[in-house]
Amino acid sequence: MPLPDASSRVVTPPDVEAQIVRAFAPLDKPALGIAFAVAMACIVAALTVLSMMLDPAGAFPLHLLAQYFFGYSVSWIGVVIGAAWAAATGFCWGWFVAFARNLVMSLWLLSVRVRADMATSRDVLDHL
């Protein structure tokens, strides 16, 4: 059986192609940042409220968050301040995670594309 030449291409069905495009689509940085922000704000607010309501004497040392979140305390005003700081921090983390994932995926796809072009090319110098 003869080997396929460089000009032959594998044809994929449209639904598989759409799934591949979705799998490698870049993440939306602001959307992931907002999702992280909401999640972290809810966690910090809930932990602060639970710490105040359940057992203030033997609670987790949440007062240490004041070292990172200026103005935070284990109080009702601390719930609002902590949630605001956690939302800002969460947005930054979410944006950075999306940025890093998009960068890694772009570099990886570029390397795959270059290797595929080099493998199908008979003359490597044409691509330089």
Side-chain angles (χ1 to χ4, degrees):
M1 182 155 147
L3 294 174
D5 61 351
S7 63
S8 68
R9 298 188 63 116
V10 176
V11 178
T12 58
D15 59 334
V16 173
E17 208 169 290
Q19 290 174 354
I20 291 172
V21 167
R22 266 197 321 247
F24 293 109
L27 295 177
D28 188 19
K29 293 184 287 283
L32 193 62
I34 291 171
F36 271 53
V38 169
M40 285 186 66
C42 289
I43 288 170
V44 168
L47 283 176
T48 304
V49 169
L50 284 174
S51 178
M52 287 187 309
M53 296 184 102
L54 294 180
D55 185 19
F60 292 116
L62 288 179
H63 64 278
L64 295 175
L65 280 177
Q67 299 294 318
Y68 300 103
F69 299 158
F70 179 75
Y72 175 78
S73 63
V74 183
S75 65
W76 291 107
I77 192 72
V79 171
V80 175
I81 293 171
W85 275 109
T89 304
F91 181 83
C92 292
W93 273 102
W95 190 93
F96 180 75
V97 166
F99 172 78
R101 188 261 186 191
N102 291 345
L103 179 66
V104 168
M105 289 299 290
S106 296
L107 293 174
W108 180 71
L109 288 173
L110 178 66
S111 72
V112 167
R113 182 174 291 155
V114 166
R115 280 187 278 152
D117 285 346
M118 294 290 193
T120 59
S121 175
R122 294 178 192 251
D123 189 7
V124 175
L125 294 177
D126 287 344
H127 290 286
L128 296 178

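When side chains are defined from C-beta on, L64 counts as touching P61, because their heavy atoms get closer than 4.5 Å. Under the 4.5 Å side-chain criterion, counting only non-hydrogen atoms from C-beta, M52 is in contact with W76.
Closest approach of A83 to A41, counting heavy atoms only: O-CB, 3.4 Å. Taking both residues in full, the closest heavy atoms of G71 and I81 are given as O-CD1, 3.4 Å, listed atom of the first, atom of the second, then distance.
Through direct or indirect side-chain contacts shorter than 4.5 Å among Ile, Leu, Val, Met, Phe, Trp and Tyr, W93 is connected to L27, L32, F36, V97.
Under the 4.5 Å side-chain heavy-atom criterion for grouping Ile, Leu, Val, Met, Phe, Trp and Tyr, L107 is not connected to V114 through any hydrophobic cluster. Linking ILVMFWY residues whenever their side-chain heavy atoms come closer than 4.5 Å, directly or via other members, places L62 and V49 in the same cluster. Transitive grouping of hydrophobic side chains (ILVMFWY, heavy atoms separated by less than 4.5 Å) keeps F96 and M40 in distinct clusters. Taking hydrophobic clusters as Ile, Leu, Val, Met, Phe, Trp and Tyr residues chained together by side-chain heavy-atom distances below 4.5 Å, V79 shares a cluster with F70. Linking Ile, Leu, Val, Met, Phe, Trp and Tyr whenever their side-chain heavy atoms come within less than 4.5 Å leaves V104 and F99 in two separate clusters.
Note: F91 and W95 fail the aromatic proximity criterion, with ring centroids not under 6.0 Å apart.
The CZ atom of F24 sits 13.0 Å away from the CG atom of N102 when rounded to the nearest 0.5 Å. Distance check, rounded to the nearest 0.5 Å: OH of Y68 to OG1 of T89 gives 11.5 Å.
S73 pairs by the side chain to side chain donor-acceptor pair (under 3.5 Å) definition with S75, not counting sequence neighbours.
A side-chain N or O of T48 and one of Y72 form a donor-acceptor pair less than 3.5 Å apart.
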